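Notes to accompany the following structure.
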Amino acid sequence: MTDALDPAWLPDDAFRAVGTRRTLVRGTGPLADTVRGEVAAACARFGGALVDEGAPAGLVLELTDGGASGVGPGGVGDFGDEGFGYARADGRATVTASGGRGLLYGLFHVVRLGEAAFLGGPVREEHRPALALRMLDHWDNVAVHPVMGQVERGYAGGSLFWSDGRARDALDRVRAYGRLLAACGINAVCVNNVNVHETEAHLLTDRIGEVAAIAAALRPYGVRTHLSVTFAAPVVLGPLPTADPLDARVRDWWAGVTERVYEAVPDFGGYVVKADSEGQPGPFAYGRTHADGANLLAAALAPYGGTVHWRAFVYDHRQDWRDRSTDRARAAYDHFVPLDGEFAANAVLQVKHGPMDFQVREPVSPLIGAMPGTRLAVEVQATQEYTGQQRHVCWLGPMWSEVLRFRPDGEVAVGRLADALVAVSNVGDDPFWTGHPLAQANLYTFGRLAWDPAADPRAVLDEWIALTHPDAGRRLTEGLHAVLDGSWAAYEKYTAPLGVGFMVQPGHHYGPSVDGYEYSPWGTYHFADRDGVGVDRGAATGTGYAAQYAEPWAKLFESPGTCPDELLLFFHHVPYGHVLHSGKTVIQHIYDTHFEGVEEAEEARRVWAGLADLVEPARHARVAERYEEQVRSAREWRDQVNSYFLRKSGVPDERGRTIH
Ligand code: GCV
């Protein structure tokens with residue numbers, strides 16, 4: 001952390017329009033003070049001024065007192081803690097909020113608009129987040145783990161929060177992080193890995209002071225702190241012999257510990273739990289259900305308004321590949337749907353967006369929408385575990401938008417069903433925050449889609465470009481769109497085809513290995529043989545997974561004739577000669593997309609090289625260097641996947657290209 005910190009989407013120049021104005025900030029409280037501090041800093045740079053009541057002001061940022069002043073565009077006091085009104089007339093802008101966060105978000109709204117916030121005809125708008133909780137989960141270990149390192153699946157250096165086995169002494173960077181998060185609407189952070197090792201278990205008790213220090217650094221920007229805890233805490237931390245959720249001693253233990261957590265962190269958000277999952281302890285050991293487990297922690301948190309995020313990532317990771325009846329994709333639904341209605345009101349079931357594990361293409365998890373009596377958090381992965389590990393450009397906005405717009409019952413979109421959207425963070429102590437500077441766009445886009453899941457991701461990308469590069473002209477804007485817009489699609493093209501997933505090197509998950517997981521205990525993914533490829537997940541002849549969906553999806557996915565091309569091999573085992581809706585055979589699609597994907601990566605590298613005169617040199621160089629690796633890796637993927645399927649199928653490429 002010695003290098004200068006990249007300002008990401010909050011460079012000084014992004015505040016020019018605010019900083020040149022005379023601004024009145026009306027209201028009291030910590031977040032109003034943060035707003036005042038932001039405006040004062042901008043004014044110091046650009047010549048504007050904070051003014052007192054009664055003086056003429058071009059910008060008014062007003063925290064209402066619940067009705068006294070009556071200037072709110074949508075009626076005062078009805079914005080909750082996070083919403084705000086924005087109005088513009090006669091060159092003057094007004095933000096009205098009834099809560100501190102709303103005021104802060106209103107300020108950043110004006111920052112995003114820039115001069116347009118003040119100029120043009122009158123407007124009156126109301127803004128409220130669609131989802132109440134917009135959270136980042138950090139898979140950060142306090143102590144460096146011998147296999148997973150400091151940040152599990154982290155590609156941006158060490159942890160922002162932890163170093164040398166404890167919380168960092170200097171937390172100004174954490175404060176700067178909170179500021180970036182507030183500017184895109186994120187309001188919660190879980191500061192440690194869901195795989196809770198022994199050192200990290202102590203954060204809950206004797207090391208809660210370290211968590212409190214981090215929470216204090218995030219608080220000025222309205223970001224609440226959450227903690228991952230181990231279900232076995234009463235045993236691991238002692239002195240109990242059991243963690244049985246129905247044991248009174250265990251209930252008392254959690255109640256006492258949680259009381260002390262709130263003494264240290266009064267606005268603590270709650271616990272995140274990975275239980276009975278990939279070796280983590282859970283209620284199954286005591287013959288109890290996951291509702292019993294979640295409700296235990298929910299009861300401890302309830303007196304303080306806290307929430308337990310209970311992860312639904314429960315599956316058998318000790319499978320036998322010879323057993324074709326076990327289907328990892330089915331697991332979360334099979335485990336949790338029978339428990340619908342049994343979870344406490346402050347328990348939120350946190351479900352990965354797909355049924356597997358953040359692959360480049362998965363169907364939306366059938367669990368989403370299947371538990372109407374249970375609160376839902378949808379989890380996506382900003383850290384690019386399976387999407388190029390921040391060495392490849394892979395802007396995930398379009399993927400997340402597809403998930404959020406999906407309508408599980410054919411009517412209500414995921415973005416409206418969910419209570420919360422959670423992303424596994426892609427941030428570390430790297431000076432560019434995210435390792436790959438363009439991966440910052442993923443973090444920003446996540447926050448904005450969590451605020452408004454119906455937003456057009458390309459419009460969000462426009463915002464990110466304009467904030468990050470306040471002087472971006474047309475050439476830079478178009479260049480950034482050219483390298484980012486289609487990057488997810490390109491990544492999909494040169495990696496695992498048609499929804500089949502995985503094909504990565506086991507363990508670290510970078511680079512191709514078509515059979516890497518095929519005969520492993522973690523699940524079996526493609527079943528390729530000389531005749532065909534894909535997994536039969538239909539109800540008629542396969543694992544029955546397709547029937548977990550409501551209509552119209554169950555029927556649509558059941559038949560290869562109606563299943564969307566991009567998911568065909570996730571749902572069906574088909575011959576290589578099977579003709580897709582696109583008109584191509586499966587085998588020719590595999591060849592063509594792998595050649596195209598590499599060409600698109602090469603073209604993006606060329607476009608980026610052409611932007612050298614428009615991008616700050618260190619930033620340009622970092623991206624250019626990573627494009628070399630991306631192109632190398634994309635060629636490796638192409639050659640391994642194409643050679644594998646040529647050898648399996650014996651079907652030549654109809655265009656006669658070189659396949660090794
Ligand atoms: C934190 C995948 C990842 C693990 C991760 C797990 C999870 O299996 O490879 O590193 O563990 O998901 O989401 O819990």
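These figures come from a predicted structure and were not determined experimentally. All ligand and atom numbering here is 1-based and tracks the order in the structure. For this chain, numbers begin at 1 and follow the sequence in order.
For atom 12 (O) of ligand 1, the nearest non-hydrogen atom from the set Lys352, Glu385, Arg153, Glu379 comes from Lys352.
Taking atom 14 (O) of ligand 1 as the reference point, the nearest protein heavy-atom neighbour is Lys274 NZ, 2.7 Å. For atom 10 (O) of ligand 1, the closest heavy atom belonging to the protein is Glu152 OE2, 2.5 Å. Counting protein heavy atoms only, atom 8 (O) of ligand 1 is closest to Glu278 OE2, 2.9 Å. Looking from atom 1 (C) of ligand 1 to the surrounding protein, the closest heavy atom is Asn195 ND2, 3.3 Å. The protein heavy-atom contact nearest to atom 2 (C) of ligand 1 is Asp357 OD2, 2.9 Å.
Using a cutoff of 4.0 Å between basic side-chain nitrogens and carboxylate oxygens, Asp137 and Arg311 are not scored as salt-bridged. Using a cutoff of 4.0 Å between basic side-chain nitrogens and carboxylate oxygens, Arg622 and Glu625 are not scored as salt-bridged.
Interface atoms of ligand 1 facing His509, defined by a heavy-atom separation under 4.0 Å, are 9 (O). Of all atoms in ligand 1, listed by their number and element, those nearer than 4.0 Å to a heavy atom of Phe313 are 6 (C), 7 (C), 8 (O), 12 (O), 13 (O), 14 (O). Proximity to Val194 (heavy-atom distance under 4.0 Å) selects the following atoms of ligand 1: 1 (C), 14 (O).
Judged purely by atom type and a 3.5 angstrom limit, Gln440 has no side-chain atom pairing as donor or acceptor with the backbone of Trp433. Looking at Arg173, its side chain does come within 3.5 Å of a backbone N or O of Asp429 through a donor-acceptor pair. At distances below 3.5 Å, at least one donor-acceptor pair connects side-chain atoms of Asn346 with backbone N or O atoms of Ala298.
No hydrogens or angles considered: a donor-acceptor pair under 3.5 Å links the side chains of His526 and Asp515. Side-chain atoms of Tyr271 and Thr258 form a donor-acceptor pair, as typed in the model, at a separation below 3.5 Å.
Under the side chain to side chain donor-acceptor pair (under 3.5 Å) criterion, Trp464 pairs with Thr468, sequence neighbours left out. In this view, Ser277 satisfies the side chain to side chain donor-acceptor pair (under 3.5 Å) rule with no residue, not counting sequence neighbours.
Taking only nitrogen or oxygen atoms, main chain and side chain alike, Tyr315 does not reach within less than 3.5 Å of ligand 1. Taking any N or O of Trp139, backbone or side chain, none lies under 3.5 Å from an N or O belonging to ligand 1. Considering backbone and side-chain N/O atoms, Asn193 never comes within less than 3.5 Å of an N/O atom of ligand 1.
Neither the backbone nor the side chain of Phe358 comes within 4.0 Å of ligand 1, counting heavy atoms alone. With a 4.0 Å cut-off on non-hydrogen atoms, Met148 does not touch ligand 1 at all.
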